[in-house]
Participant: 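Below is the structure I would like to discuss, written out as structure tokens.
Note: hydrogens, waters and symmetry copies are ignored here, and every other heavy atom, side chains too, is used. In this chain, numbering begins with 1 at the start of the sequence shown.
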Amino acid sequence: MESFVGQGIIKYFDCFKTDFDCLKYLADYKWSKTYSCIKCGHSKCTIRKKNLARDCNRCHHIESPTANTMFHKVKFGILKAFETHDYKTTLRLN
């Protein structure tokens, strides 16, 4: 998985055009190795198409890609949160 820290702004906006692109990146990063349910520890899940949340096949606990991350419960769009994070990390590196 590619890291976007310190990349050019044009490449950044080419990769993250919509909220769904950001959710896909978070889901791929969060569950890159394996899925494990937070409540019961089961390893099999169903992926929801609308928001890429994982639904445990045993206890049916639903976990979103933003759960337990710095983007959990943001009050504005995930795309705006990604832009803010990228802006702050780019400023810190320069």
Participant: Between Phe76 and Phe71, is there a shared hydrophobic cluster once you connect ILVMFWY residues whose side-chain heavy atoms come closer than 4.5 Å?
Facilitator: no
Participant: Roughly how far, to the nearest 0.5 Å, is CG of Asn57 from NE2 of His42?
Facilitator: 5.5 Å
Participant: Can Leu79 be reached from Phe13 by stepping across I, L, V, M, F, W or Y side chains whose heavy atoms are under 4.5 Å apart?
Facilitator: yes
Participant: With a 3.5 Å distance limit and no angle check, can you tell me whether Asp86 reaches the backbone of Glu83 through a side-chain donor-acceptor pair?
Facilitator: no
Participant: Please test Ile47 against Arg54 for side-chain contact (heavy atoms from CB on, under 4.5 Å), starting from the C-alpha separation and ending with a verdict.
Facilitator: CA-CA 5 Å; Ile47 301 172; Arg54 297 325 197 235; 3.7 Å; yes
Participant: Which residues pass the side-chain hydrogen bond (donor to acceptor under 3.5 Å, both in side chains) test with Thr69, sequence neighbours left out?
Facilitator: none
Participant: How close do Cys59 and Cys37 get, counting heavy atoms only, and between which atoms?
Facilitator: SG-SG, 3.6 Å
Participant: Could you give the distance from OG1 (Thr46) to NE2 (His60), rounded to the nearest 0.5 Å?
Facilitator: 8.5 Å
Participant: About how many Å separate NZ of Lys24 and CZ of Phe16, when rounded to the nearest 0.5 Å?
Facilitator: 11.0 Å
Participant: As a test of understanding, state which of Leu52, Ile78, Asp28, Asn51 forms a side chain to side chain contact (heavy atoms under 4.5 Å, CB included) with Pro65.
Facilitator: Leu52
Participant: Side chains of Thr66 and Val74: closer than 4.5 Å at any heavy-atom pair?
Facilitator: no
Participant: Using the rule that Ile, Leu, Val, Met, Phe, Trp and Tyr join whenever any side-chain heavy atoms are under 4.5 Å apart, tell me whether Trp31 and Ile62 fall into a single cluster.
Facilitator: no
Participant: Which atom pair, heavy atoms only, marks the closest approach of Glu63 to Tyr35?
Facilitator: OE1-CE1, 4.3 Å
Participant: Which pair of non-hydrogen atoms, one from Phe82 and one from Leu26, has the smallest distance, and what is that distance?
Facilitator: CZ-CG, 3.8 Å
Participant: Taking all heavy atoms of Ser64 and all of Lys30, pick out the closest pair and write down the distance.
Facilitator: O-NZ, 3.2 Å
Participant: Return the minimal non-hydrogen interatomic distance between Asp21 and Lys17, and the atom names on each side.
Facilitator: OD2-N, 3.1 Å
